[in-house]
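Letters go in sequence order (proteins before strands), and every chain restarts at 1.
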Amino acid sequence: MRYSKALIPTLKEAPSDAISISHILLMRAGYIRRIGAGIYSFLPLGLKALRKIEEVVRGEMNQAGSQELLLPAILPAELFKESGRWDKFGDTLFRLKDRKGGDYHLGPTHEETITDLARREIHSYRELPQNWYQVQNKYRDEPRPRGGLLRGREFLMKDAYSFDASEEEALSSYESMRLAYRRIFDRLGFRYRMVGADSGAMGGSKSAEFQVLVQSGEDFIAACDSCEYAENIEVAAAPRPSTSDATASDATAPDAQTPEAVEEIATPGRGSIEAVSKFLKTEPAKFLKSLIYTAGEELVMVVVRGDHEVNEIRLARELGVDEVHLANGKAVKEATGSPIGFIGPVGYKGRILIDHDAAALSEGICGALKNDYHLAHVVPGRDFQAEAASLRLVTAGDACPKCGKGLSIYRGIEAGHIFVLGTHYSEKMNAVYLDEAGEKRPLVMGCYGIGISRLVASLVEQHHDDSGIVWPVAAAPYPVHITQMGTSDAVVAAVAKLERELEELGIEALIDDRDLRPGVKFKDADLIGLPWRITIGERSLKEGQVELKPRTEPNPKAAQAIPLDGAARHLAELIAAATNLSSLAKTN
RNA sequence: CGGGGCGUAGCUCAGUUUGGUAGAGCGCCUGGUUUGGGACCAGGAAGUCGUCAGUUCGAAUCUGGCCGCCCCGACCA
């Protein structure tokens, strides 16, 4: 591709509405343009990158035995009404009416559509298993689109669905998808973790998220650096405190073994753990932090250690409800007779849950249920009764549940998610097959998604430097960027020669033949981020040489002189080596 | 949906407080000088000031409605 003919509108300055690094760089390098909130056009380079990623995904899906099909993006309401999601999806669903007033919507995901296909076309156990996928735009009216391609209202997704005769076979389908996903993320050059996730809402029995690790990620992941354990912090269970932990946290307290009687302390105007701990010159870990949550109709008090945070997902599960919310000040006052900041479990009449770590404290400080007062020497079990459970968020340094080493907390972008769905949809939609005995059984389903357009942005989040994008080979729009220096006959001829030779090897190159100053062209090359740059100019061409610089080389001046003759073959070898490396990495 | 902010040239922004008829840098066009890391000189084109209504002799500027966008939160297969 000749740059002089290409649509690559690079920008010196980023549009002010772009905040995330991938959004800024994809805009500046001329890959995408915004059309509306969460809606983007892909310009030629952006589409190239998208297609590269798509092809990696497609290749691995095919390899894993999944068959590609294409479902519609616009869907009649009936199927979602059948599954109950017409209502459940709420405002997130883009709804429309046809000229006759019939209800339609844009597909946010395609479980219903595929289940409908399956119930029509699969009749016998002899036809199982099946695994179908598509690459299709999805539409969700997100409450808050953000980060450019990271969370759009229109986005490209690869979604696959498996159909099996039994739960065991479904697990084997799931396993083959898990391996395919690992290969996909490895080949694309991601730093990622496969993490256990909250699959409860989908009615699934097993699920894993593929989280791309970046600082800007929206999700928090508890992961072990010594073993493969990783879980979304939403579901990660904090380790049960051992006795040694309890004494360790009390190490600074003299005579902690013989707790005194409860003592009331005036703490005027100090309604936060921070304020009270400063006031009493003690640490937050010695507090029994009490919070009132609403869980459906019920109000419950939750007690965690002062330095811990409540894991609301685990709390909701413990209580058997979909979600919990912190009660507002009015409700707290009504329930406890005390303002927020001074509530505590001692003397509280309602239901109390306590986190294991808080319960393990030999004594603690908590609100007195009375404005401007706290209680000291409160002993869980002696001064109040509560149901103990694991209710706190895991923190860095907590013990890994698998190997016992310290956990780290990472931020991640959920780029892929695989589920065993079970019979949730097949039962609702009567998608059944006949087994060997002639009995009707619901299909056991799995679903497997990868956000393709999100992968583009995620890669940029992970692979960039101060000058621009640094594409891994597998996703780069072109592997080679040729910078033509000047327009002398010799240079023009050398560029044409290399172009021809690369073409013969099936290697596409972006050739910057624009009549611009070198600095401009180098800046654009860095911004665009193709893996290898070849500079062809009079200077080295006199010796029959061109200059080669990998984009990963941080020093802008560090280029390696290689002979023009054989340069194409040399590049071919570099590309092949890099491609093999990434595809061979960790394919367990 | 709650809180905050923004909307002026293709992009980044000034001008709004105190109303007087629109500016800069970058980009773009023309000519010239330049040419190995975002050159320089000269000239030029380009804006319904988001939109509608109101106040006023006069509105980018004041008032109200609407629309759009961004950020934080809530929410999120």
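Summarising the geometry, the separation between CD on A:Glu553 and P on B:rG37 is reported as 16 Å, rounded to the nearest angstrom. Taking atom CD1 of A:Ile24 as the reference point, atom C1' of B:rU12 lies 13 Å away to the nearest angstrom. A:Gln484 places its CD atom 13 Å from the C1' atom of B:rU35, with the value rounded to the nearest Å. Taking atom CD of A:Glu234 as the reference point, atom P of B:rA77 lies 9 Å away to the nearest angstrom. For A:Leu527 and B:rC26, the CG to C1' distance is 15 Å, given to the nearest whole Å.
Comparing the P positions of B:rU21 and B:rG31 gives a spacing of 36 Å, expressed to the nearest Å. Look at the P atom in both B:rC57 and B:rG25: the space between them is 38 Å, to the nearest Å. Comparing B:rG15 with B:rC6, their P atoms sit 12 Å apart, to the nearest whole Å. When the C1' atom is compared between B:rC49 and B:rC13, the two are found 14 Å apart, to the nearest whole Å. When the C1' atom is compared between B:rA53 and B:rG38, the two are found 46 Å apart, to the nearest whole Å. Comparing B:rC71 with B:rA24, their C1' atoms sit 27 Å apart, to the nearest whole Å. The C1' atoms of B:rG2 and B:rC75 are separated by 12 Å, rounded to the nearest whole Å. Nucleotides B:rG19 and B:rU56 are separated by 9 Å at their C1' atoms, to the nearest Å.
Nearest to the side chain of A:Lys12, among B:rG38, B:rC69, B:rG36, sits B:rG38. Which of B:rG27, B:rC11, B:rA77 sits closest to the side chain of A:Pro15 comes down to B:rC11. The side chain of A:Asp17 lies closest to B:rC69, out of B:rG37, B:rC69, B:rA74. Out of B:rA74, B:rU12, B:rC76, the shortest distance to the side chain of A:Arg151 is found at B:rC76. The side chain of A:Glu13 lies closest to B:rG25 when the candidates are B:rG37, B:rC76, B:rG25. Side-chain proximity of A:Val520 to the nucleotides B:rG38, B:rC69, B:rG36 is greatest for B:rG38. Between B:rG38, B:rG36, B:rC75, one nucleotide has an atom nearer to the side chain of A:Arg146 than all others, and that is B:rC75.
Dashed line: the shortest gap from a side-chain N or O of A:Ser16 to OP1 or OP2 of B:rC13 is under 4.0 Å. Taking 4.0 angstrom as the limit, A:Lys523 places none of its side-chain polar atoms (N or O) nearer than this to OP1 or OP2 of B:rG37. Contact check, A:Thr92 against B:rC76: no side-chain N or O comes under 4.0 Å of OP1 or OP2. The shortest distance between the side-chain N/O atoms of A:Arg517 and the OP1/OP2 oxygens of B:rA39 is below 4.0 Å.
In this structure, the separation between CE on A:Met157 and OH on A:Tyr139 is 13.5 Å, given to the nearest 0.5 Å.
Looking only at atom types and distance, the side chain of A:Arg85 has a donor-acceptor partner in the side chain of A:Tyr425 under 3.5 Å away.
Across all strands shown, B:rG73 forms a Watson-Crick or G-U wobble pair, both distances under 3.5 Å, with B:rC1. A 3.5 Å limit on both hydrogen-bonding distances identifies B:rU63 as the Watson-Crick or G-U partner of B:rA53. The partner of B:rG10 is B:rC26, by the rule that a Watson-Crick or G-U pair needs both atom distances under 3.5 Å. B:rG47 makes up no base pair with any nucleotide shown, lacking Watson-Crick or G-U wobble contacts both under 3.5 Å.
A:Asp91 comes within 4.0 angstrom of nothing in the nucleic acid, heavy atoms only. Contact annotation for A:Glu547: base contact, defined as any heavy-atom pair under 4.0 Å involving a base atom. Among the protein residues, A:Ala18 comes within range of no part of the nucleic acid, since none of its heavy atoms lies under 4.0 Å from any strand. Residue A:Arg533 is classed as a base contact, given a heavy-atom separation below 4.0 Å to a base. Within the nucleic acid shown, A:Asp159 has no heavy atom closer than 4.0 Å to any nucleic acid atom.
Nearest-nucleotide assignment on RNA chain B puts the 5′-proximal partner with A:Ser540, out of A:Ser540 and A:Glu312.
Around the CG atom of A:Asp91, the shell of radius 6.0 Å holds no more than 12 heavy atoms that belong to other residues, nucleotides or ligands.
Contact annotation: side chain of A:Arg34 to base of B:rG10, donor-acceptor pair absent below 3.5 Å.
You'll find the side chain of A:Arg95 stays beyond 4.5 Å of the side chain of A:Asp103, heavy atoms only.
In this structure, A:Phe89 and A:Phe80 have tilted ring planes: the angle between them lies in the 30° to 60° band. Note: A:Trp132 and A:Phe163 have tilted aromatic rings, judged against thresholds of 30 and 60 degrees for the angle between ring planes.
Geometrically, A:Arg34 does not engage A:Tyr40 in a cation-pi contact, judged by NZ or CZ lying under 6.0 Å from the ring centre and within 45° of the ring axis.
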